[in-house]
There are 2 protein chains.
Amino acid sequence: MSRRISDSTVRRLSHYLRALEELEGRHATTVSSDQLAARGGTTAAQVRKDLSHFGSFGKRGLGYSVAELAGRLRRILGVDRHWKVALVGAGRIGSALFEYPDFAARGFRLVAVLDRDPAKVGRVWGPVTISDISELERVVGERDIDLMILAVPGDAAQAIAERAVAAGARGLLNFAPTQLRVADDVPVTNVNLVMEMEALSFALTKDQTAS
Amino acid sequence: MSRRISDSTVRRLSHYLRALEELEGRHATTVSSDQLAARGGTTAAQVRKDLSHFGSFGKRGLGYSVAELAGRLRRILGVDRHWKVALVGAGRIGSALFEYPDFAARGFRLVAVLDRDPAKVGRVWGPVTISDISELERVVGERDIDLMILAVPGDAAQAIAERAVAAGARGLLNFAPTQLRVADDVPVTNVNLVMEMEALSFALTKDQTAS
DNA sequence: TCCTGTGAAACGGTTCACAGCC
DNA sequence: GGCTGTGAACCGTTTCACAGGA
């Protein structure tokens, strides 16, 4: 039952869930792998393979129940619960999270914000008050933080990651252009805008050479 | 010479370049694939394979010249030039770009910002003045935009993408949780914070089932 | 000796094709 | 007939292992 699930599979599951929620909004009751594939930018076979890792949710000749599959995916992805999230770095990157309406809708609750700038500490920021970075251990412990978002400069990221994990954080979302070294059982995902831009730059540069 | 280069390879090249630039700062002159691998979180063989797609830049028994390899990678990635970038959506996500110092350092020049909110239009925002979204075609044409960053709501993204491409944008960075449909020769990279959080959520949920 | 460059093997993910059930 | 679930074939990527040059 515990097959290793690839990263790309998880991404696609997210897509499927989003598509299903849209279908729920339109009161659709069933959906075929073909329809789901069209939205996720993949193939029907891929959809079925992805889902097959977790069980058999569909009915042959009929498709999948929208409501049931959405529920299953929420449970599989772990978004059928609330996650307590702390943000380190009360800057623009961090505040961008507020613009993602799905962020809260998917159960990610921002319950702490930390910053090292004394001018920011104590200010009310979104749903919470900014704490000093020296309070990290206490905040993570007392508020029972699950996930930590690191929106700090690259040279500070590793140290903060270590402190966060030691204090009890179970997963990290890292915006710094740094390869974090943490224990193997602590999942880390990296978001790096410059790297994404470079991917575009590369694609366009390659094209030139090809033509 | 024009082998198809995978996405993950390009990401690693970005890592290598970053590592090399740090080494340049320390006045290191040579580096081995082993050392580069350690920083990029990969293996020495992988580094050599990645580089071998583009030529033979190293010296056997010695390693790679830091300065030369950095130059080669900049050329390969296309960051040895300037790219003209436009941002649609003058919100928090867009402004987060200013916090990435590498953004400008890698040649990505923000030369236009567009928004549909009349209250924002005309305001000076970072290095430029905000234009109305209706000006998109004119702005893209006149300022010769290469890359377009879409920081707009999901339901607006597809239409804006189409307009941008028609007006001459050559690549898109999309923050909306939407699978954009554009011509095959227009590279698109997607950044979706909620999806990254869901990947963490999934990893932690899986762990529970395993234990 | 040291470290690169690279075929070959191993691995993992995607696609195919079809049996099986509605 | 329609659509799922899944073994098997396929294909791209990573790892291995070693020949060859500094």
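All figures in this text were calculated on a predicted structure; none of them were measured in a lab. Throughout, protein chains are lettered first and strands after them, A, B, ... in sequence-line order, and every chain is numbered starting at 1.
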Y100(B): ring-ring contact (aromatic ring centres under 6.0 Å, His included) partners, not counting sequence neighbours |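 Partners of Y100(B) under the ring-ring contact (aromatic ring centres under 6.0 Å, His included) test: none.
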
Gap between atoms [atom1] and [atom2], on [X] and [N] respectively (whole Å):
X	N	atom1	atom2	value
D7(B)	dT14(C)	CG	P	13 Å
H53(B)	dG7(C)	NE2	P	11 Å
D50(A)	dG12(C)	CG	C1'	14 Å
L13(A)	dG13(C)	CG	C1'	14 Å
I5(A)	dG13(C)	CD1	P	9 Å

*asked:* Over all strands shown, is T43(A) touching base, sugar-phosphate only, or nothing at heavy-atom distances under 4.0 angstrom?
replied: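 Touches sugar-phosphate only.
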
Donor-acceptor pairs under 3.5 angstrom involving side-chain atoms of residues 37-45 of chain A: please list them, not counting sequence neighbours.
residue : atom : partner : partner atom : Å
R39(A)  : NH1  : E22(A)  : OE1          : 3.3
T43(A)  : OG1  : Q46(A)  : N            : 3.1

- Item | Salt bridge D146(B)-K84(B), side-chain N to carboxylate O under 4.0 Å |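 Judged by the 4.0 Å cut-off on N to carboxylate O distance, D146(B) and K84(B) do not form a salt bridge.
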
Subject >> Partner set under salt bridge (charged side-chain N to carboxylate O under 4.0 Å, His left out) for E21(B), not counting sequence neighbours >> reply: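 If we apply the salt bridge (charged side-chain N to carboxylate O under 4.0 Å, His left out) test to E21(B), skipping adjacent residues, the hits are R74(B), R106(B).
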
Exercise for review: Give a yes/no on whether any side-chain N or O of Q46(B) is located under 4.0 angstrom from OP1 or OP2 of dT15(D).
Suggested key: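 So the side-chain polar atoms of Q46(B) do come within 4.0 Å of the phosphate oxygens OP1 or OP2 of dT15(D), strictly under.
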
(message) Less than 4.0 angstrom between a side-chain N/O of T9(A) and OP1 or OP2 of dG12(C), yes or no?
(response)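 So the side chain of T9(A) is outside the cut-off, no N or O lying under 4.0 Å from OP1 or OP2 of dG12(C).
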
Heavy-atom contacts, protein to nucleotides 2-8 of chain D, under 4.0 Å, summarised as B (base), S (sugar-phosphate only) or - (none) per nt, yield BBBBBBB

Using residues 160-169 of chain A as the side-chain source, report each donor-acceptor pair under 3.5 Å to any protein atom, sequence neighbours left out, with the distance given to one decimal.
residue : atom : partner : partner atom : Å
E162(A) : OE2  : Q158(A) : NE2          : 2.6
R163(A) : NE   : E137(A) : OE2          : 2.8
R163(A) : NH2  : I133(A) : O            : 3.0
R163(A) : NH2  : E137(A) : OE1          : 2.9

What residues form a side chain to side chain contact (heavy atoms under 4.5 Å, CB included) with N190(B), not counting sequence neighbours?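 If we apply the side chain to side chain contact (heavy atoms under 4.5 Å, CB included) test to N190(B), skipping adjacent residues, the hits are N174(B), V188(B).
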
